[in-house]
There are 2 protein chains.
Amino acid sequence: MKNNNILQLLMQYTKEGTQFTDKKQRIVLAAIELFAKKGYANTATSEIAKEAGVAEGTIFRHFGTKENLLLAILIPFIKHSLPQMADAIFEEVLAEKPKTIEEFVRALATERFMFFKENRDLFRIFIKEMIYHDELKNELISHISEHALSRIEQIIQDFQEKGEVIDIPAKILSRNIFTTLLGFFLSRFVLMSDNVFLDDQREIDYIVQIIVNGIKQ
Amino acid sequence: MKNNNILQLLMQYTKEGTQFTDKKQRIVLAAIELFAKKGYANTATSEIAKEAGVAEGTIFRHFGTKENLLLAILIPFIKHSLPQMADAIFEEVLAEKPKTIEEFVRALATERFMFFKENRDLFRIFIKEMIYHDELKNELISHISEHALSRIEQIIQDFQEKGEVIDIPAKILSRNIFTTLLGFFLSRFVLMSDNVFLDDQREIDYIVQIIVNGIKQ
DNA sequence: CTCCTGAGTGAGTGATTACTCACTTTTATA
DNA sequence: TATAAAAGTGAGTAATCACTCACTCAGGAG
């Protein structure tokens, strides 16, 4: 997994449809930064324009509405970048043929940790905004189910058949692994200050240890 | 623990300082409902007034600003109700003298589950708003540390001395237990639809099982 | 070179919203 | 009962903000 930066994927993706001018790029960058920092509702389009070094009207020329700017950031993230990255992560994790459930969980936790660390701003925007956007929420849940949870579930089942993992329904297990990692990442990257935590590797080690001990036979 | 409803505690608390008139009460109720449903930024004071059945100016008569209305809901929640409930929960849990780490985790998870279930709206408002209110966030972190994490840490240490819990620093363990439960509650009450989940008791059982298996010797 | 189209501009606009304030009503006290 | 203070009202205001639109500029095609 060479590239964890979702913005580059976002631009790569949108380049297939529309020309991504330098100004449009700067608008998106400024919006991501300001939305993450101040929240969508507390960020004025005039601020975004100023930060991007463009006229305010340029934002509307490219995106139509402020809401569309937000969606232009979040929808491709959900629909393409997240699934693409999920596919890539699972390919990479599975390419190494994890011999134990621990190897799998560790690889998953590590890759996801790096992903959220690198895309912290998008993560923050996301958490804040999707609570009140049911379409966004449903899109995300659907894609998480399809691209991540079902994969985890499959792998859990494999390890259960090998007798390596306890006999809780794989669907429940995969969901609980997911929510456990989610709680950890949220605390680490959104809710708490950086100085509360140890170095990344040790934090990952600890959470992986607890998860793995919790689910192995 | 008889009363999980934070609003009643909120009113009990504020009754000590100022008279809590019927209208003021209705304003708070309406605000909690609308903030939770639509978000603070998307809720107009005119809507709150209408919902509460008061004139818009009455809100400002009681609370001064819209921001103060939000803080009037959230600050007592952080400063008094949460700690009070944390104290009460730990007293109750400890009054029963948990013999095993499993008893402790189960009691903690169950009480907290019920708490968040009953105060889902406040939880939602909280998660959404505290991301961008550093004072709120710091208040909360400080109170969580003082009233919850240090308690959990103490108990973990006791069980570690009995050889019942693995040898990870108690501080780390208590934090990871906290983030694991947080991820679970967030998914259950804020991020996902109700129909994804099983009945409450089974969900609690599963997450407790994983946590306990993960940390016991 | 001219013309056309698309990108970009920024002053201005209309809508929305938090809040004010002059006034009315209610409550408590003497 | 009268008076003063507190609670409540809602029309109106100032500020903010998303957005418009008449215009300019740049680039490409013929």
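Source: prediction; values computed, not measured. Below, all heavy atoms of this structure are taken into account, side chains as well, without hydrogens, waters or symmetry copies. Reminder, nothing fancy here: chain letters follow the sequence lines and each chain counts from 1.
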(request) To the nearest Å, give me how far apart NZ (A/K50) and P (D/dC17) are. (result) 13 Å
(request) Specify the separation, in whole Å, of atom CG of A/D22 and atom P of D/dA26. (result) 16 Å
(request) Taking only the side-chain nitrogens and oxygens of A/R61, find out if one of them lies under 4.0 Å from OP1 or OP2 of C/dG8. (result) no
(request) Measure from the side-chain heavy atoms of B/A44 and tell me the nearest of C/dT20, D/dT9, C/dT17. (result) C/dT17
(request) Ignoring backbone atoms, test whether A/S46 places a side-chain nitrogen or oxygen under 4.0 Å from the OP1 or OP2 oxygen of D/dC17. (result) no
(request) Please lay out, stage by stage, how B/E67 and B/H133 fare under the test side chain to side chain donor-acceptor pair (under 3.5 Å). (result) CA-CA 11 Å; B/E67 177 85 6; B/H133 282 79; 3.1 Å; yes
(message) It should be established whether B/H62 places a side-chain nitrogen or oxygen under 4.0 Å from OP1 or OP2 of nucleotide D/dA6.
(response) no
(message) Return whichever of A/E47 or A/G64 has its heavy-atom-nearest nucleotide of DNA chain D closer to the 5' end.
(response) A/E47
(message) Measuring to OP1 and OP2 of C/dT9, would you say a side-chain N or O of A/K23 lies under 4.0 angstrom away?
(response) yes
(request) Given side chain to side chain donor-acceptor pair (under 3.5 Å), test A/S46 with A/E56 step by step and report yes or no. (result) CA-CA 6 Å; A/S46 57; A/E56 200 174 345; 4.9 Å; no
(message) In this structure, how many angstroms lie between the C1' atom of D/dC19 and the CG atom of A/N68, rounded?
(response) 13 Å
(request) Using whole Å, report how far CZ of A/F63 lies from C1' of C/dA7. (result) 13 Å
(message) Looking only at the side chain of B/E56 (C-beta and beyond, no hydrogens), which of the listed nucleotides C/dC19, D/dA18, C/dT9 gets closest?
(response) C/dC19
(message) Nearest whole Å is fine: how far is D/dA7 P from B/I27 CD1?
(response) 12 Å
(request) Check A/I152, A/I207, A/I211 against A/V105 for a side chain to side chain contact (heavy atoms under 4.5 Å, CB included) and give me the one that passes. (result) A/I211
(request) May I have the distance from A/I59 (atom CD1) to D/dT20 (atom C1'), rounded to whole angstrom? (result) 14 Å
(request) Please report, rounded to the nearest Å, how far the P atom of D/dT16 is from the NZ atom of A/K66. (result) 15 Å
(request) Give a yes/no answer on whether the side chain of A/T45 brings an N or O atom under 4.0 Å of OP1 or OP2 in D/dA18. (result) yes
(request) Indicate yes or no: does B/K37 engage B/D121 in a salt bridge with an N to O separation below 4.0 Å. (result) no
(request) Report the nucleotide, chosen from D/dA18, C/dT20, D/dT9, that has the shortest atom-to-atom distance to any side-chain atom of B/V54. (result) D/dT9
(request) Take atom CD1 of A/I48 and atom C1' of D/dC17, then tell me their distance rounded to the nearest Å. (result) 12 Å
(message) Please report whether the ring centroid of A/F189 lies less than 6.0 Å from that of A/F116.
(response) no
(message) Can you identify which nucleotide, out of D/dC19, C/dG10, D/dG8, has its nearest atom closest to the B/T58 side chain?
(response) D/dG8
